Amino acid sequence: MYDNERGLYIAHCTEGNLAINGKMANRHGLIAGATGTGKTVTLQVMAETFCQAGVPCFMADMKGDLSGISKAGAMSGFIEKRKGEFGIEDPQFQGCPVRFYDVFGEQGHPIRATISQMGPQLLSRLLGLNDTQDGVLNIVFKIADEKGLLILDLKDLRSMLDFVSKHAKEYTTKYGNISSATVGAIQRALLQLENQGANQFFGEPSFDIHDLLATEGGKGVMSVLAADKLMMQPKLYSTFLLWLISELYSTLPEVGDQDLPKLVFFFDEAHMLFEDTSKALTDKIEQVIRLIRSKGVGIYFISQLPTDIPDNILGQLGNRVQHALRAYTPRDQKAVKVAAETFRANPSFKTEEAITTLETGEALVSFLDEKGAPHIVQKAKVLFPLSQIGAISEAERRDVMNRSAIGHKYDQMIDRESAYEILMAEEESLPAESDESKPAKNEKEGKGDKKKQGLLSKVLKAILTAVTATLGTIVGSAASDAISGKKTKKKTSAGQRIVKNSTSAATRTITRELTRDILGNLIK
């Protein structure tokens, strides 16, 4: 909860209230702990505390539980027991102004981005491309820029890939080899992405980052992303949130350290962001997280283990809430030790032992002081939320969406002229041009056919003439031999061999004469 006296009051320990310093809230933070130890409730307490201070928040709702932040809570036995300990004798239960979002447009207003906004680097990660395929994708974006073609959705990107493949020879000397096999591999990856529902995310109207900075009645608006379905596609989920952070960084102006941040971004299941991520992209994430605090944005990671976060990024997370960890395996024991070492030690207890004995709702807490140094770690109990713990009904969700001020802005998809339409129009104009040239082509083909027919006729005529002449010669010779044969006596066997050899020679002579006559008549 938030008030002028206690500030951003989050937890309570034997030493008193534990509150986040407003000027240090943009120095980022971490909520860690095993499943069932209270991470989601801690996130809800933090978010509604920022909300009461007028700071808008963005959070991913992995199980639907965070939708309850839109509805006022109610007294329970647990709260009745704890309210005196926290110094909250009369809890003012209240909900927060909420806008529900959903990449798939089912449980909230659609959030969309264009392919161009996503860019080749994030898109390559989303598609799981290798270095060669990533290079071709960069070429496609470059050619689209040169031709002034907008790549807004998946069909635009498909059309550009098809165009570049067909004109690969024109661009190879300028940008490098573009093989049809590589283009085909990218097309297949796009098909898989489309089957996962990404075609609903890519398109227009694209999401306006400034809508995350809204306030209502002095309270910060809670932007809650339905992520129960989205988290089943880990790469889409992490790439989407990384795109959102990058857009915030590139869009918002520099403001430095303020009394309160402009926006707090809660990144649940943070380990997904760093799985299967290249070093270049991890370095980019680290850079954005390090610099985005100057834009007045605080990023809070929620994960089971601190070791899920790369060391360079973990070192930048100053405000920490560590719930219980279970040390059942050597890996778990190592994680407990690492988590303990990230805190400034408290001489009153051993941090490593305390982590394994915390109860649900308890945590080791250390926030930054006004100079940016971490406080000594305290064993504390996290406050109860003033909003409802647990999900709201579908009817209540629809009611919140119907009352939203931005429903008209994003609910209807727009499909304006872009690369797909322009390239399709160019392709359709090509058959028309070939139809106009068809008569001339047919005329040339007709002349060619007549020429071929004349040549064939000449060949046949030559063959017929030569065969006729040769047959006449053969018949005449045979008749002469028949006449002379009547007047001669049979030859001896030696004489028969001579005749046989003479006949073979005569056959060869006839063949040569026939060939010579055909060629002679053909030349004529």
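Quick caveat: nothing in here was measured; it's all calculated off a predicted structure.
- Looking at Glu194 and Lys155, no side-chain N of the basic residue comes within less than 4.0 Å of a carboxylate O on the acidic one, giving no salt bridge.
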key: Stepwise salt bridge (Lys or Arg N to Asp or Glu O under 4.0 Å) test for Glu396 and Lys71   = CA-CA 9 Å; Glu396 290 171 324; Lys71 187 178 179 180; 2.8 Å; yes
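- Within the 4.5 Å cutoff, the side chain of Val288 has no heavy atoms near those of the Leu242 side chain.
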task = Let me see the working for Leu225 and Met59 under side chain to side chain contact (heavy atoms under 4.5 Å, CB included), right down to the final yes or no.
result = CA-CA 6 Å; Leu225 175 72; Met59 65 201 78; over 6 Å; no
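- Side-chain atoms of Gln107 and Asp228 form a donor-acceptor pair, as typed in the model, at a separation below 3.5 Å.
- Using a distance-only test at 3.5 Å, with no hydrogens or angles considered, a donor-acceptor pair links the side chain of Ser116 to the main chain of Ile151.
- A heavy-atom distance below 4.5 Å is found between the side chains of Phe301 and Leu273.
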message = Quick one, Ser124 with Gln133, criterion side chain to side chain contact (heavy atoms under 4.5 Å, CB included). Give me CA distance, side-chain angles, the key distance, then yes/no.
response = CA-CA 8 Å; Ser124 178; Gln133 294 158 357; over 6 Å; no
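- Side chains of Phe265 and Leu241 form a contact here, defined as non-hydrogen atoms less than 4.5 Å apart.
- Ring geometry for Phe86 versus His12: interplanar angle over 60°, hence perpendicular rather than tilted (30 to 60°).
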inquiry  = Let's go through Lys229 and Glu106 carefully: what are the C-alpha distance in whole Å and the side-chain angles of both, what is the deciding distance for salt bridge (Lys or Arg N to Asp or Glu O under 4.0 Å) to 0.1 Å, and is it a yes or a no?
reply    = CA-CA 10 Å; Lys229 183 179 177 181; Glu106 296 171 356; 3.1 Å; yes
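- Side chains of Thr114 and Glu204: no donor on one and acceptor on the other come within 3.5 Å.
- Proximity of a side-chain donor or acceptor of Asp61 to a complementary backbone N or O of Ser67 within less than 3.5 Å is detected.
- A side-chain N or O of Arg320 and one of Thr342 form a donor-acceptor pair less than 3.5 Å apart.
- Of the possible donor and acceptor atoms, one in the side chain of Glu421 sits under 3.5 Å from a partner among the backbone N and O of Ser418.
- Side chains of Ser70 and Arg397: a donor-acceptor N/O pair is absent below 3.5 angstrom, by distance only.
- Around the CD atom of Glu146, the shell of radius 6.0 Å holds more than 12 heavy atoms that belong to other residues, nucleotides or ligands.
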query = Going through the checks in order, is the side chain to side chain contact (heavy atoms under 4.5 Å, CB included) test met by Val365 and Ile10?
reply = CA-CA 9 Å; Val365 179; Ile10 303 298; over 6 Å; no
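- Atom OG1 in Thr307 sits 14.0 Å away from atom NZ in Lys337 (nearest 0.5 Å).
- For Arg331, the CZ atom sits in a loose shell: 12 or fewer heavy atoms of surrounding residues, nucleotides or ligands are nearer than 6.0 Å.
- Of all heavy-atom pairs between Asp308 and Ser303, the closest is OD2-OG, 2.6 Å.
- Between Arg27 and the options Asn21, Ile20, Leu317, Asp257, a side chain to side chain contact (heavy atoms under 4.5 Å, CB included) holds for only Asp257.
- The one candidate from Thr37, Thr360, Leu358 that meets the side chain to side chain contact (heavy atoms under 4.5 Å, CB included) condition with His323 is Thr37.
- Side-chain N or O atoms of Lys295 include one that pairs as donor or acceptor with a backbone N or O of Tyr249 at under 3.5 Å.
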key: Derivation and outcome, side chain to side chain contact (heavy atoms under 4.5 Å, CB included), residues Lys371 and Lys23   = CA-CA 9 Å; Lys371 295 182 180 180; Lys23 290 184 177 180; over 6 Å; no
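- More than 12 non-hydrogen atoms from other residues, nucleotides or ligands lie less than 6.0 angstrom from CD of Gln258.
- Other residues, nucleotides and ligands contribute only 12 or fewer heavy atoms inside 6.0 Å of the NZ atom of Lys334.
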message = Apply salt bridge (Lys or Arg N to Asp or Glu O under 4.0 Å) to residues Asp399 and Arg403 and explain how you reach the verdict.
response = CA-CA 6 Å; Asp399 184 56; Arg403 290 186 280 109; 3.2 Å; yes
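- For the residue pair Lys235/Gln196, the side-chain donor-acceptor check at 3.5 Å is not satisfied.
- In this structure a side-chain-to-backbone donor-acceptor pair under 3.5 Å is missing from Asp145 to Lys142.
- Counting only heavy atoms from C-beta outward, the side chains of Leu314 and Leu30 approach each other to under 4.5 Å.
- Inspection of the Asp211 and Tyr410 side chains reveals an N or O donor paired with an N or O acceptor under 3.5 Å.
- Within the 3.5 Å criterion, the main-chain N or O of Arg99 finds no donor-acceptor partner in the side chain of Ser223.
- Of all the heavy atoms in Leu8 and Ala53, the pair that sits closest is CD2-CB, 3.9 Å.
- Annotation: side chain of Leu18 is in contact with side chain of Phe367 (closest heavy-atom distance under 4.5 Å).
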query = Could you walk me through whether Asp3 and Arg6 pass the salt bridge (Lys or Arg N to Asp or Glu O under 4.0 Å) check?
reply = CA-CA 6 Å; Asp3 58 39; Arg6 289 174 288 195; 3.1 Å; yes
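- For the atom pair Arg326 CZ and Ile355 CD1, the distance stands at 11.5 Å (nearest 0.5 Å).
- Salt bridge Arg125/Asp134: absent, no basic N to carboxylate O contact under 4.0 Å.
- Taking each heavy atom of Thr251 and Glu247 in turn, the nearest pair found is OG1-O, 2.7 Å.
- Taking each heavy atom of Tyr237 and Met231 in turn, the nearest pair found is CB-CA, 4.4 Å.
- Residues Gln94 and Ser387 bring no donor and acceptor atom of their side chains to less than 3.5 Å of each other.
- Judged by distance alone, the side chains of Arg112 and Ser206 never bring a donor and an acceptor atom under 3.5 Å apart.
- Judged by distance alone, the side chains of Asp369 and His375 never bring a donor and an acceptor atom under 3.5 Å apart.
- Between Asp411 and Pro110 the shortest side-chain heavy-atom distance falls below 4.5 Å.
- Side chains of Tyr420 and Asp156: no donor on one and acceptor on the other come within 3.5 Å.
- Formation of a donor-acceptor pair under 3.5 Å by the Lys219 side chain with backbone atoms of Gly54 is not found in this model.
- Using a cut-off of 4.0 Å between Lys/Arg side-chain N and Asp/Glu carboxylate O, Glu89 and Lys83 are scored as not salt-bridged.
- Scanning both residues, His28 and Ile289, for their nearest heavy atoms gives NE2-O, 2.7 Å.
- Within the 4.5 Å cutoff, side-chain heavy atoms of Leu190 are placed close to those of Leu154.
- The backbone N or O of Tyr2 lies less than 3.5 Å from a partner atom in the side chain of Gln52, making a donor-acceptor pair.
- In this structure, the ring of Tyr101 has its center less than 6.0 angstrom from the ring center of Phe207.
- Between Val41 and Pro385 the shortest side-chain heavy-atom distance falls below 4.5 Å.
- Aromatic ring centres of Phe201 and Phe240 lie closer together than 6.0 Å.
- A donor-acceptor pair is defined here as one N or O able to donate and one able to accept, closer than 3.5 Å; such a pair exists between the side chain of Asn319 and the backbone of Met24.
- A side-chain N or O of Thr329 and one of Asp332 form a donor-acceptor pair less than 3.5 Å apart.
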